[in-house]
Amino acid sequence: MIDALNWTLALAPVLLLAVLFEWLDVFRLMDKRELLGLLLLGGLAALAAWPVSGQVLDNLPMGFTFYSRVVAPWIEEALKGAAILWLVWRNRVGFTLDAVICGFTIGAGFSVVENVFYLLRYPDLAAGVWLVRGFGTAVMHGTTTAILATIVHELGEGAERRGGGRFHLSLLWFVPGYLAASLIHLAFNQFPNSPAEVMTVTLAVAPFVLLMLLRLGARETESWLVEERAEHEVSLAAWRGGGFPDDASGRRIAALVARAGEQQGRLIRAYCQLKTELVLVEERELLDHHRHVEPDQRVALLDQLAELERLRGAIGQAGFAALQPLLPFSRHDDWELLELKHLLRHH
């Protein structure tokens with residue numbers, strides 16, 4: 001009975017918070033399958049921390065107390081941050097709201113594995129210890145990673161806008177968020193003799209910070225989607241009307257079509273129109289908030305996605321290499337297509 005209580009205190013709070021934040025996501029950016037994947041990713045980061053910690057302790061002249069209070073925060077936040085960078089590189093973080101939830105869930109997974117290790121190693125510790133670790137340390141891990149992910153995402157979006165929509169992952173985006181997360185973690189670890197007080201402060205501050213980030217993220221997501229939907233509706237009308245969008249991208253594609261020949265030009269137009277249609281479908285689905293597709297529509301959309309790939313293949317490797325830099329689609333649009341595929345295959 002006592003063991004069950006200890007395990008519940010150590011593991012349940014942060015997992016319940018992760019589920020709660022996923023439920024509060026009005027855009028339904030993440031389902032239970034993705035939530036589990038992020039928890040596992042955070043758990044892998046925690047598993048990686050053990051050999052790294054061992055090497056540091058074995059090879060540097062420091063005791064465990066100094067390591068746990070001063071050095072461990074920098075190592076642990078770096079490992080969780082590496083998971084965030086991997087997701088950004090893979091284009092699996094779409095909006096700020098997505099970044100907050102991804103970051104917190106990875107931190108939650110890290111804390112769960114860490115607490116499981118301690119539960120197995122120190123089964124006789126009092127329930128108060130697990131109360132502090134569950135409501136204090138675990139929540140701290142989730143919060144610091146959410147902050148890190150949010151800063152990385154915002155810096156990446158800013159760089160993409162300044163670069164005219166072109167994306168080049170930079171480790172410099174990682175530095176400010178990593179410093180913020182590590183310093184918060186470092187401050188948390190400086191009061192080993194006042195665990196209840198630190199837990200109380202964490203519970204008072206962390207949910208407020210997270211809910212503020214979620215609210216700001218939801219507003220930004222709504223604004224972005226409304227703006228992008230309007231732009232794509234105008235572009236789609238131009239494609240369907242037999243013309244080209246009246247922007248720099250549209251003019252460059254028109255010039256390419258003029259040089260490419262009649263058959264290749266038809267393929268390029270068909271590809272651009274179909275991709276615009278599919279991106280617009282996902283934007284409408286996200287703004288609808290229900291994330292539900294009727295069976296007949298699912299079949300039709302899967303056929304359209306297959307047709308998009310067929311058109312890309314028909315354009316040819318060289319032809320698509322010439323087209324790709326001219327396309328108006330951002331990483332957000334590509335992420336939306338990934339989300340649409342996920343919605344059609346798993347919902």
Side-chain angles (χ1 to χ4, degrees), residues 14 17-18 21 38-39 41-42 44-46 48-49 52-53 56 66-89 92-111 114 133 135-162 169-192 194 197-221:
V14 74
L17 275 176
F21 293 143
L38 291 169
L39 289 170
L41 188 58
L44 288 174
V52 173
S53 300
V56 171
F66 179 83
Y67 170 81
S68 62
R69 290 179 62 178
V70 178
V71 180
W74 301 93
I75 292 175
E76 293 175 0
E77 297 304 329
L79 291 168
K80 291 185 291 177
I84 296 296
L85 281 178
W86 183 79
L87 289 175
V88 171
W89 176 64
R92 298 309 304 149
V93 182
F95 298 102
T96 302
L97 181 62
D98 208 19
V100 176
I101 298 172
C102 286
F104 186 86
T105 308
I106 286 172
F110 187 100
S111 72
E114 185 179 64
R133 289 202 61 83
F135 284 92
T137 308
V139 174
M140 177 274 296
H141 271 298
T143 304
T144 56
T145 318
I147 292 170
L148 191 158
T150 302
I151 294 173
V152 168
H153 180 266
E154 291 300 300
L155 291 175
E157 277 205 340
E160 187 175 357
R161 285 193 294 269
R162 290 190 299 274
L169 181 66
S170 172
L171 291 179
L172 293 177
W173 305 344
F174 173 77
V175 175
Y178 172 62
L179 289 174
S182 298
L183 289 172
I184 294 169
H185 193 159
L186 185 69
F188 181 92
N189 282 11
Q190 297 313 301
F191 304 95
S194 305
E197 290 81 356
V198 173
M199 178 189 71
T200 302
V201 171
T202 301
L203 288 176
V205 175
F208 172 78
V209 170
L210 291 165
L211 289 172
M212 180 184 69
L213 291 174
L214 287 170
R215 185 175 181 182
L216 291 173
R219 286 181 180 176
E220 181 189 88
T221 301

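When every heavy atom of A149 is checked against every heavy atom of G103, the shortest pair comes out as CB-CA, 3.9 Å. The two residues V100 and A146 make their nearest non-hydrogen contact at O-CB, 3.7 Å. The minimum heavy-atom distance linking G94 with E157 is given by the pair O-OE2, 4.0 Å. The shortest non-hydrogen separation linking V14 to A108 is CG2-CB, 3.6 Å. The two residues P73 and S68 have their closest heavy-atom pair at CD-O, 3.9 Å. The minimum heavy-atom distance between A18 and T105, with the atom names listed, is CB-OG1, 4.3 Å.
The ring pair (Phe, Tyr, Trp, His ring centres under 6.0 Å) test with H141 is passed by exactly one of F110, F135, F188: F110.
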Using distance only, find each side-chain donor-acceptor pair of residues 205-214 under 3.5 Å and give its atom names and separation, not counting sequence neighbours.
none

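Here R69 pairs with nothing under the salt bridge (Lys or Arg N to Asp or Glu O under 4.0 Å) rule; sequence neighbours left out. S170 is linked by a side-chain contact (heavy atoms from CB on, under 4.5 Å) to L172, W173, counting only residues two or more places apart in sequence or in another chain. Remark: E77 pairs with K80 by the salt bridge (Lys or Arg N to Asp or Glu O under 4.0 Å) rule, at least two apart or across chains. The side-chain contact (heavy atoms from CB on, under 4.5 Å) search around W74 returns Y178, L179, S182, L183, L186, not counting sequence neighbours. Applying the side-chain contact (heavy atoms from CB on, under 4.5 Å) rule to T200 yields no partners; only residues at least two apart in sequence or on another chain are considered.
Atom-to-atom distance recorded for T143:OG1 and F104:CZ is 5.5 Å, nearest 0.5 angstrom. Atom-to-atom distance recorded for N189:CG and E76:CD is 7.5 Å, nearest 0.5 angstrom. Note: I106 CD1 to I84 CD1 = 3.5 Å, rounded to the nearest 0.5 Å.
At least one side-chain heavy atom of I151 sits under 4.5 Å from a side-chain heavy atom of L155. Inter-residue side-chain proximity for L216 and T96 is flagged as unmet; no heavy-atom pair is nearer than 4.5 Å. Proximity of L38 to L87: side-chain heavy atoms (C-beta onward) are separated by under 4.5 Å at one or more points.
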